[in-house]
Amino acid sequence: MTREKGLKGYENSLAIVQSSMTGKSRTVHEHSKLVFTIPFNLTAEEEMDGFPYPFPDSVIREHLRNAPKSDFLRARLYFMEFLYNLFSAVLEEVETLKDWFKAAKTYRDVAEAWSLHLEKEGRNDLYQRVVRMEYRRDERAFQKLLEKEEIEVKDKFDPAVFDFIAKQTQNKIFELISFVGKLVGDDNCNSPDARVVIYFDEAHYLTNISMYGDSPSLNLYDAFCSAANTLLPSPVFFLFLSTQFSLSRIGPPQTVSSSARPYNYSGQNNIRPPFTELPFDCFGSEPLIRPGEKTLKDVSTIHFMSQFGRPMFSSLMRAMVHGTEWYIVNLARAKLIASSKPNTAEMTDDAKLAVLAVRLLLDFNMSRADRQTQMVRLVENHMAIAFSIPKHRETLSIGYPSEPILAEAAARQMNVIRSDWKVMNTPLLLQDFAERGLVDKGERGELVARLIFTLAYDEAAGAYEKDTSENRDDPVDESSEFPFYSRGVPLKYFIVALFGKTHAEHIFKSHPDNVRNGQTFEQAFERAWVRFTHFQRAGNSSVVSTEAAWAAAARAMAFQCSPGQAGIDIFIPVLLRDEKLQEEIMTGILVHLGNRISAETKVRAEIDEQDIGFFPAQPTNSLNANADNRPYITIVMELGVLPFYQTQAENEAKSAATKADCALSPAENSTTARNVATSSRRPAMVAHPRYSIFAVGCSPSVYNVVEDKDIYATLLSYRHILQEHPRQKPDLLSAVRRLKPFWIVGPKCFDWAGETKLSSEDPAVGPVVEGVYIGNALSPVAEQDGAFMANSQ
């Protein structure tokens with residue numbers, strides 16, 4: 001930190017607020033080797049987890065706790081006396097260690113030597129001495145000040161007494177800096193840089209102790225900051241570390257600041273917003289992986305996965321002996337749900353929300369104050385990362401960035417939720433969160449799609465592990481009853497889990513719809529794999545490519561595309577074969593969400609990889625036999641199709657036509673006709689074979705993992721008023737339509753306008769039949785041109 005001359009109030013302190021295991025303590029400890037630092041750890045003994053380092057400074061914690069709580073000014077005075085005694089004791093300690101600093105040549109050398117001294121032996125003795133010291137005022141100097149300022153002191157708690165002690169404390173700080181400067185031949189006390197840092201780890205201990213009497217809205221943290229604020233002219237800086245922060249306590253919003261005198265003379269609040277920019281993905285000078293270096297087996301080890309995300313995972317991994325690395329996953333599970341018993345389904349709402357958020361990329365509803373409080377709890381207790389807290393400090397941005405270890409932990413907790421009948425299953429749980437406003441409505445179709453893909457992936461992982469348990473040679477957690485989700489699964493297992501065996505069989509036999517004489521799906525993707533334990537958000541279209549696909553597979557993630565992405569909404573990386581990860585073996589599943597509510601017009605939805613630059617460009621006139629002809633998969637998900645109601649006769653007629661078309665054989669529909677129809681659009685030699693799947697509806701007849709279509713309908717918010725009407729007789733539905741809840745051409749809406757086109761009989765609209773279609777035609781089956789529909793009605 002750099003001081004500015006003429007500092008504004010409260011600019012000599014900063015709160016560092018971030019989730020658990022993000023390296024807050026390590027960061028300030030390493031910083032103590034650069035700047036002379038006085039560290040305090042206020043962790044309460046009952047909150048200690050594992051083997052804390054350093055151990056709590058309980059003597060300091062209890063001394064601060066004993067500050068007067070009935071009067072804010074008395075508390076400030078108590079803390080100022082503490083600071084005076086602290087700097088006095090530190091100065092004495094440094095003077096006795098003159099020989100210890102003999103080799104020091106710079107301030108940084110002194111800081112590192114001092115840090116080592118406290119780490120080895122001097123810390124506890126020093127702090128014991130501080131709390132035993134009694135502040136003794138220099139009465140002669142004090143009386144001289146009173147005479148000069150013509151101040152009359154009423155009692156020992158008079159503000160003049162506080163100001164005098166503050167001045168004495170500043171003098172002690174400058175004495176300390178001057179002494180250190182003389183040790184290294186630099187007596188410049190006027191440097192703009194902070195020469196002394198004091199930090200309090202687990203600073204929320206102070207915020208949790210409230211004042212009473214005349215200051216019930218304040219706490220000991222407020223009183224300490226107010227005292228520290230008077231040391232602005234001195235080159236000392238205060239840091240407050242915590243996971244458990246509240247926006248109304250540490251770094252309070254400008255509109256509700258509770259500390260005394262937080263404003264400068266212009267009326268502007270200068271409390272710094274909490275600092276959140278802590279290390280993430282710490283891998284040193286060498287990359288974790290380069291193209292062509294590692295296989296799926298290599299990247300699915302706990303050792304490799306632990307190197308992503310917060311630094312504590314990799315630090316723990318370095319301390320593990322072979323065979324104990326699964327402890328890290330179990331620790332992540334316990335941390336994620338804030339419970340030492342992760343195998344029980346008795347989780348709090350916050351814990352369940354955290355589990356789903358890690359995997360499904362939930363958007364949190366921040367429009368309500370109570371929801372902001374819940375988001376704070378996710379950071380405090382459930383491993384959420386605070387991305388940013390704006391200057392006004394009235395909101396915060398949080399989320400769960402890509403951490404493969406945490407995603408594996410969340411996958412196992414989702415298994416707990418699904419397998420215990422005493423609790424709600426995952427879709428019902430997500431519906432409950434959405435209805436209570438815990439999850440932002442946002443794009444419900446995207447959320448439901450991510451849920452369906454995640455459930456299918458988990459089911460595929462379980463099926464694959466069961467089928468290969470006897471022949472597998474990669475490391476497994478022998479003590480766990482869960483699949484190892486991060487291993488990845490063959491694509492065919494995923495397709496079966498997603499659409500069910502019946503649909504999958506037809507998909508496997510299908511051919512590409514954009515080239516002649518293409519291989520079947522099963523042949524093209526015979527050795528293909530998918531690996532995604534969680535979704536992440538793409539910032540733009542740059543990551544929707546095979547170049548990014550191999551890196552995404554290395555982290556076991558799929559992408560929710562950015563709102564500006566044209567044509568597709570979700571991108572799932574696919575390895576064409578289990579070889580070393582690189583662009584040349586990658587393709588993908590490109591997903592478009594239609595979410596239509598009717599099928600009044602014939603619509604064709606094509607996803608063309610060339611439109612998004614998915615594969616690297618290649619010459620269009622190349623005749624090279626080695627030209628890139630990797631296949632890709634497209635899925636159009638019409639999750640919310642709701643056909644308009646028609647007359648009973650029309651429905652019966654359309655139903656008969658639909659049944660007739662469904663009777664056509666797969667071969668007649670899925671191969672010859674479609675290939676001929678599309679082959680003229682561009683030369684086959686440069687086309688990447690496209691295997692198109694069109695899924696209509698969101699029910700068990702479409703998706704194997706959908707058990708209750710009503711839950712998904714609620715999630716999608718696509719329930720049509722006529723579908724929900726309790727009386728389904730045609731005449732009663734007609735009466736509802738005459739009430740005009742919506743407008744379409746026909747007599748129910750326009751008979752009052754005379755005999756015109758508006759009042760003519762409703763146009764015949766064929767209902768869209770739920771099912772899985774092969775090809776790129778999105779019109780009802782009766783109007784399809786060669787597309788095959790695999791429907792299990």
Side-chain angles (χ1 to χ4, degrees), residues 333 336-337 342 345-368 370-371 374-375 377-378 382-384 398-400 406-407 409-461 485 497-498 532-537 557-560 569-570 572 591 593 595 637 639-640 695 697-700 702-719:
R333 291 177 62 199
L336 181 61
I337 67 171
E346 296 178 0
M347 292 182 279
T348 65
D349 276 356
D350 287 351
K352 295 172 185 175
L353 185 62
V355 168
L356 298 186
V358 170
R359 305 202 67 201
L360 300 180
L361 191 66
L362 299 186
D363 290 320
F364 299 111
N365 185 353
M366 300 296 291
S367 60
R368 292 164 48 182
D370 59 333
R371 298 303 170 230
Q374 184 176 47
M375 299 308 101
R377 293 200 303 270
L378 291 180
H382 299 287
M383 303 288 275
I398 77 163
Y400 289 90
L406 199 61
R412 297 184 176 208
Q413 289 310 124
M414 279 185 67
N415 190 305
V416 172
I417 293 174
R418 288 195 301 271
S419 61
D420 196 312
W421 291 100
K422 293 181 291 185
V423 298
M424 295 180 290
N425 60 32
T426 304
L428 192 59
L429 182 61
L430 193 58
Q431 174 196 337
D432 179 62
F433 286 153
E435 290 182 344
R436 286 194 282 151
L438 303 183
V439 178
D440 191 11
K441 290 183 177 180
E443 295 293 337
R444 291 288 187 92
E446 295 176 350
L447 175 58
V448 169
R450 295 195 298 270
L451 173 61
I452 289 173
F453 286 131
T454 299
L455 293 177
Y457 179 86
D458 288 359
E459 182 169 316
Y485 298 97
L498 180 61
F532 64 100
T533 56
H534 58 298
F535 281 91
Q536 290 291 290
R537 190 174 303 283
M557 66 182 182
F559 285 114
Q560 171 66 59
D569 299 286
I570 290 174
I572 300 175
V591 182
L593 301 176
N595 301 326
M637 302 175 74
L639 296 170
C698 187
S699 71
V702 182
Y703 298 105
N704 178 59
V705 292
V706 172
E707 297 178 355
D708 188 334
K709 65 183 300 181
D710 289 336
I711 295 176
Y712 285 85
T714 301
L715 272 173
L716 290 164
S717 300
Y718 283 146
R719 292 181 178 272

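Residues Ile417 and Thr426 have side chains in contact (heavy-atom distance under 4.5 Å, counting atoms from C-beta outward). Taking 4.5 Å as the limit, some side-chain heavy atom of Leu353 sits within range of a side-chain heavy atom of Phe433. Considering only heavy atoms from C-beta on, Pro342 stays 4.5 Å or farther from Val416 through its side chain. Residues Val702 and Lys709 form no side-chain contact, since every pair of their non-hydrogen atoms from C-beta on lies 4.5 Å or further apart. Side-chain contact between Leu639 and Arg444 is absent, with no heavy-atom pair separated by less than 4.5 Å.
In plain terms, the two heavy atoms of Ala449 and Leu593 that are nearest each other are CB-CD2, 3.8 Å. Taking both residues in full, the closest heavy atoms of Ala695 and Tyr703 are given as CB-OH, 3.2 Å, listed atom of the first, atom of the second, then distance.
Separating the CG atom in Asn425 from the CD atom in Gln431 is a distance of 9.5 Å, to the nearest 0.5 Å. For the atom pair Ile711 CD1 and Leu428 CG, the distance stands at 4.5 Å (nearest 0.5 Å). We find the CZ-OG1 distance between Arg412 and Thr533 to be 11.5 Å, quoted to the nearest 0.5 Å. The distance from atom CG of Leu429 to atom CE of Met347, rounded to the nearest 0.5 Å, is 8.0 Å. Going from atom CG of Leu715 over to atom CG of Asp432 covers 10.5 Å, rounded to the nearest 0.5 Å. For the atom pair CG of Leu451 and CG of Leu362, the computed distance is 9.5 Å after rounding to the nearest 0.5 Å.
Looking at residues two or more places apart in sequence or on another chain, you find a side-chain contact (heavy atoms from CB on, under 4.5 Å) between Ala411 and Arg359, Tyr485. For Phe532, the ring-ring contact (aromatic ring centres under 6.0 Å, His included) criterion is met by Tyr457, Phe494, Phe535, not counting sequence neighbours. Residues satisfying the side-chain contact (heavy atoms from CB on, under 4.5 Å) test with Ala384, not counting sequence neighbours, are Leu378, Val379, Ile398, Tyr400. Residues meeting the salt bridge (Lys or Arg N to Asp or Glu O under 4.0 Å) test with Asp350, sequence neighbours left out: Arg377. The side-chain contact (heavy atoms from CB on, under 4.5 Å) search around Ala409 returns Ala332, Arg333, not counting sequence neighbours. For Glu459, the side-chain contact (heavy atoms from CB on, under 4.5 Å) test picks out Ala497, Asn704, Val705, with sequence neighbours left out.
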Exercise for the section: Given side chain to side chain contact (heavy atoms under 4.5 Å, CB included), test Tyr712 with Glu707 step by step and report yes or no. Expected result: CA-CA 9 Å; Tyr712 285 85; Glu707 297 178 355; over 6 Å; no

Exercise for the section: Just do the side chain to side chain contact (heavy atoms under 4.5 Å, CB included) check on Leu455 and Leu498 with the steps written out, would you? Expected result: CA-CA 8 Å; Leu455 293 177; Leu498 180 61; over 6 Å; no

Problem - Pair Asp708-Ser699, side chain to side chain contact (heavy atoms under 4.5 Å, CB included): steps then yes or no - result: CA-CA 7 Å; Asp708 188 334; Ser699 71; over 6 Å; no

Practice task
List the steps and the verdict of side chain to side chain contact (heavy atoms under 4.5 Å, CB included) for Leu430 and Val448.
Solution key: CA-CA 9 Å; Leu430 193 58; Val448 169; over 6 Å; no

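Counting only distance, with no hydrogens or angles, the side chain of Arg537 and the backbone of Gln560 share no donor-acceptor pair below 3.5 Å.
A side-chain contact (heavy atoms from CB on, under 4.5 Å) with Gln413 holds for exactly one of Val358, Leu356, Ile337; it is Ile337.
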